[in-house]
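Worksheet: the structure to be examined is printed underneath.
From a predicted model like this one, the values you see are computed outputs, not experimental measurements.
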Amino acid sequence: MSASASGPRALYVHFPFCTHHCHYCDFSVQRAAEPPVAEWLAAIAQDLDEWDRDPEIQGLIGLDSVYVGGGTPSLLRADGMKSLREVLDDRVTLSNAVEFTAEANPVSFGPDTARGWHEAGVTRVSLGVQSFADGPLEWLGRLHDANGAVRAVETALAAGFASVNVDMLFGLPASVVRDWDREIRCLADLDVPHVSTYGLTAEPRTPLGQWVDRGEVRLAEESTYEAEYLASTAVLAGAGLRQYDVSSFALPGHESRHNWHYWERRSYLGVGPSAHSFLNLRRVWNVRTWDAYRRAAQTGGTLREGSEVLSSQQTRLEEVWLGLRTRKGLPQTHPVWATSRARENLDAWREAGWLIEHEGRILLTPAGWLRLDAVVGELELEGKTVGGEIEMEGCQTAASRI
């Protein structure tokens with residue numbers, strides 16, 4: 001599928017503040033016990049105004065998805081979210097059926113915040129639970145415990161939001177005592193309509209990455225990683241949640257509209273530190289840190305750090321990689337399957353249970369999704385790894401972080 005030639009219909013807003021920086025996190029985060037919300041809102045307003053002057057935008061009209069990620073957006077509380085909505089309403093036009101998602105940390109998401117967000121127009125909450133067991137939560141550096149995780153889910157479900165997502169993290173080191181099967185069954189019993197599961201990775205800029213490099217921490221064995229991933233797909237399918245991409249499961253009607261903007265390569269905007277935008281083959285990214293972003297806003301400078309226009313090779317790679325990571329897959333008639341090598345691979349992957357053919361399309365199975373990078377790497381594609389960071393359900397990714 002080619003990139004959409006229409007204007008952006010999705011907006012990502014990055015709130016970079018956290019009271020604590022988890023040791024595995026590689027996001028653009030600034031520690032702050034009391035986030036400078038007013039200063040951040042002023043910078044976001046300037047960011048939107050800068051986009052409004054871009055000749056390619058032609059008005060921020062008819063947005064059908066807004067996603068507030070971080071960081072810890074629940075530190076906005078009720079008043080901050082209301083103020084953000086006022087900033088947006090002054091500068092963009094949201095559709096009547098907009099999906100408005102905001103991420104929340106269980107420790108800072110209580111009934112007052114939930115009610116205030118609902119009144120401000122938030123329709124969907126994404127909770128960074130990660131685990132329902134105290135030991136793993138402590139090792140991950142999370143500030144909530146297992147009971148707090150359950151309370152946050154129950155608070156979100158009771159608040160009247162149209163949808164609720166829960167993030168879960170699997171593939172922890174063997175040294176961390178954990179019963180993943182029990183945790184994922186606990187989640188299924190809570191009847192949440194959307195779940196996102198991600199495997200732990202050791203990013204180079206993080207303390208975890210340094211510990212792994214020094215041999216102080218050993219990540220999960222590949223067999224454990226695969227077993228936990230496949231266990232989650234089985235348990236959640238049994239609870240009626242359909243897997244619609246590598247990491248996402250949803251009841252009917254609860255798929256993340258925002259994520260589909262990314263996977264189908266439609267134009268979208270990002271505002272805030274480190275946020276990325278995609279406009280008709282042009283990728284643009286903001287300055288990464290809050291301090292640099294704030295200075296640029298205060299001095300009236302551009303908030304953009306760089307941009308690139310994707311080549312035909314890069315475009316084709318993104319089209320294949322993003323297509324195969326979803327349940328829609330790729331058409332059997334797609335040129336990528338035309339080579340003799342690809343046809344041989346298809347036979348081998350089908351026999352191994354990595355893919356199926358359905359209604360004229362080639363779809364990866366969960367076992368195939370575990371090997372997404374390897375599958376794409378075997379195809380005869382020129383170009384480089386998919387560029388840019390994509391913000392989705394508490395995860396920025398430049399490759400297939402399951």
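Counting non-hydrogen atoms of neighbouring residues, nucleotides and ligands closer than 6.0 angstrom, the CZ atom of Arg182 exceeds 12 such neighbours. Heavy-atom contacts from other residues, nucleotides or ligands closer than 6.0 Å to CD of Glu216 number more than 12. By the 6.0 Å contact criterion, CD on Gln210 is enclosed, its count of non-hydrogen atoms from other residues, nucleotides or ligands being greater than 12. Enclosure of atom CG in Asp79 is not indicated, since only 12 or fewer non-hydrogen atoms of other residues, nucleotides or ligands lie within 6.0 angstrom.
Aromatic rings of His261 and Tyr268 (six-membered ring for Trp) have centroids beyond the 6.0 Å cut-off, not under it. Taking the six-membered ring for Trp, Tyr229 and Trp369 have ring centres at least 6.0 Å apart. Between Tyr244 and His194, the gap from one ring centroid to the other is short of 6.0 Å. Ring centroid separation for the pair Phe170 and Tyr198 does not come in under the 6.0 Å cut-off.
Looking only at side-chain heavy atoms (C-beta outward), Arg327 and Leu363 stay at 4.5 Å or farther from each other. Within the 4.5 Å cutoff, side-chain heavy atoms of Leu48 are placed close to those of Val87. Side-chain contact between Arg151 and His144: absent, with no pair of heavy atoms (C-beta onward) separated by less than 4.5 Å. Side-chain atoms of Trp349 and Val375, non-hydrogen and from C-beta on, do get closer than 4.5 Å to each other. Side-chain contact check for Leu143 versus Leu137: every heavy-atom pair is 4.5 Å or farther apart. With contacts defined as side-chain heavy-atom distances shorter than 4.5 Å, the pair Arg142/Pro136 does not qualify. In this structure, the side chains of Leu322 and Thr326 stay at 4.5 Å or more apart for every pair of heavy atoms. Residues Glu183 and Met168 are in side-chain contact: their nearest non-hydrogen atoms beyond the backbone lie under 4.5 Å apart.
Using modelled atom types and a 3.5 Å distance limit, the side chains of Ser267 and Asn280 yield a donor-acceptor pair. The closest side-chain donor-acceptor pair between Tyr67 and Glu103 falls under 3.5 angstrom. Remark: the Ser248 side chain and the Asp245 side chain contain an N/O donor-acceptor pair separated by less than 3.5 Å.
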Test side-chain contact (heavy atoms from CB on, under 4.5 Å) on Tyr12 and Ser277; report intermediate values, then the result. CA-CA 8 Å; Tyr12 174 81; Ser277 303; over 6 Å; no
Please evaluate residues Tyr293 and Trp40 with respect to the criterion ring pair (Phe, Tyr, Trp, His ring centres under 6.0 Å), reporting the C-alpha separation (whole Å), side-chain torsions for both, the decisive distance (0.1 Å), and the verdict. CA-CA 9 Å; Tyr293 184 81; Trp40 174 78; 8.9 Å; no
Trace of the side-chain contact (heavy atoms from CB on, under 4.5 Å) decision for Leu355 with Leu346: CA-CA 8 Å; Leu355 62 81; Leu346 280 176; 3.6 Å; yes
Apply salt bridge (charged side-chain N to carboxylate O under 4.0 Å, His left out) to Glu226 and Arg371, showing your working. CA-CA 10 Å; Glu226 180 170 344; Arg371 299 162 177 86; 3.2 Å; yes
I would like to know whether Leu279 and Ile57 meet side-chain contact (heavy atoms from CB on, under 4.5 Å); could you show each step before the answer? CA-CA 8 Å; Leu279 296 163; Ile57 297 298; 3.8 Å; yes
If you apply the rule side-chain contact (heavy atoms from CB on, under 4.5 Å), what do you find for Leu187 with Val166, and how did you get there? CA-CA 8 Å; Leu187 173 59; Val166 168; 3.8 Å; yes
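Side-chain atoms of Asn286 come within 3.5 Å of backbone atoms of Gly272 as a donor-acceptor pair (strictly under, hydrogens ignored). In this structure, the side chain of Arg257 engages the main chain of Asp64 through a donor-acceptor pair within 3.5 Å. Checking side-chain atoms of His276 against main-chain N and O of Ser274 turns up a donor-acceptor pair under 3.5 Å. Judged by distance alone, with hydrogens and angles left aside, the side-chain atoms of Asn105 form no donor-acceptor pair with the main-chain N or O of Ser108 at under 3.5 Å. Put simply, the side chain of Asn165 never gets that close to the backbone of Val125: no donor and acceptor are under 3.5 Å apart. At least one donor-acceptor pair under 3.5 Å links the side chain of Thr315 to the backbone N or O of Ser311. Here the side chain of Thr365 pairs a donor or acceptor atom with the backbone of Trp354 at under 3.5 angstrom. Although no hydrogens or angles enter the test, the distance criterion places no donor-acceptor pair under 3.5 Å between the side chain of Ser196 and the main chain of Asp167. Using a distance-only test at 3.5 Å, with no hydrogens or angles considered, a donor-acceptor pair links the side chain of Ser131 to the main chain of Ala133. With Thr123 contributing its side chain and Phe100 its backbone, the two residues share a donor-acceptor pair below 3.5 Å.
The side chain to side chain donor-acceptor pair (under 3.5 Å) with Asp47 is formed by just one residue from the set Arg304, Arg91, His14; it is Arg304. Among Thr201, Thr224, Leu200, the one residue that satisfies the side-chain contact (heavy atoms from CB on, under 4.5 Å) test with Leu219 is Leu200.
Separation of atoms CG (Leu94) and CG (Leu60) is listed at 10.0 Å; rounding is to 0.5 Å. Atom CG of Leu230 is separated from atom OH of Tyr225 by 11.0 Å, given to the nearest 0.5 angstrom. Interatomic distance, CD of Glu318 versus CZ of Phe278, reported as 6.0 Å (0.5 Å rounding). The NE2 atom of His358 lies 11.0 Å from the CD atom of Gln332; values are rounded to the nearest 0.5 Å. Atoms CG and NE2, from Asp26 and His21 in turn, are 7.5 Å apart once rounded to the nearest 0.5 Å. Rounding to the nearest 0.5 Å gives a distance of 11.5 Å between CG of Leu140 and SG of Cys25.
With sequence neighbours left out, His254 forms a ring pair (Phe, Tyr, Trp, His ring centres under 6.0 Å) with no residue at all. Phe161 is linked by a ring pair (Phe, Tyr, Trp, His ring centres under 6.0 Å) to His118, counting only residues two or more places apart in sequence or in another chain. The ring pair (Phe, Tyr, Trp, His ring centres under 6.0 Å) search around His23 returns Trp139, Trp211, not counting sequence neighbours.
A salt bridge is absent between Arg265 and Glu319; no separation between the charged side-chain nitrogens and carboxylate oxygens falls under 4.0 Å. The pair Glu203-Arg205 fails the salt-bridge criterion, with no side-chain N (NZ, NE, NH1 or NH2) lying under 4.0 Å from an Asp/Glu carboxylate O. In summary, Arg288 and Glu305 do not engage in a salt bridge, as defined by a charged side-chain N under 4.0 Å from a carboxylate O. Electrostatic pairing of Glu359 and Arg361 does not count as a salt bridge here, judged by no charged N lying under 4.0 Å from a carboxylate O. One finds no salt bridge joining Asp347 and Arg343 here, because no Lys/Arg side-chain nitrogen approaches an Asp/Glu carboxylate oxygen to under 4.0 Å. The pair Glu255-Arg242 does not meet the salt-bridge criterion, since no charged nitrogen lies less than 4.0 angstrom from a carboxylate oxygen. Using a 4.0 Å cut-off between charged nitrogen and carboxylate oxygen, Arg85 and Asp90 do not count as a salt-bridge pair. Ion pairing between a basic and an acidic side chain is recognised when a charged N comes within 4.0 Å of a carboxylate O; Arg282 and Glu308 show no such pairing.
Relative to the six-membered ring of Trp260, Lys328 meets both conditions, a distance below 6.0 Å and an angle of at most 45° to the axis.
Smallest separation of non-hydrogen atoms from Leu127 and Ala156: CD1-CB, 4.0 Å.
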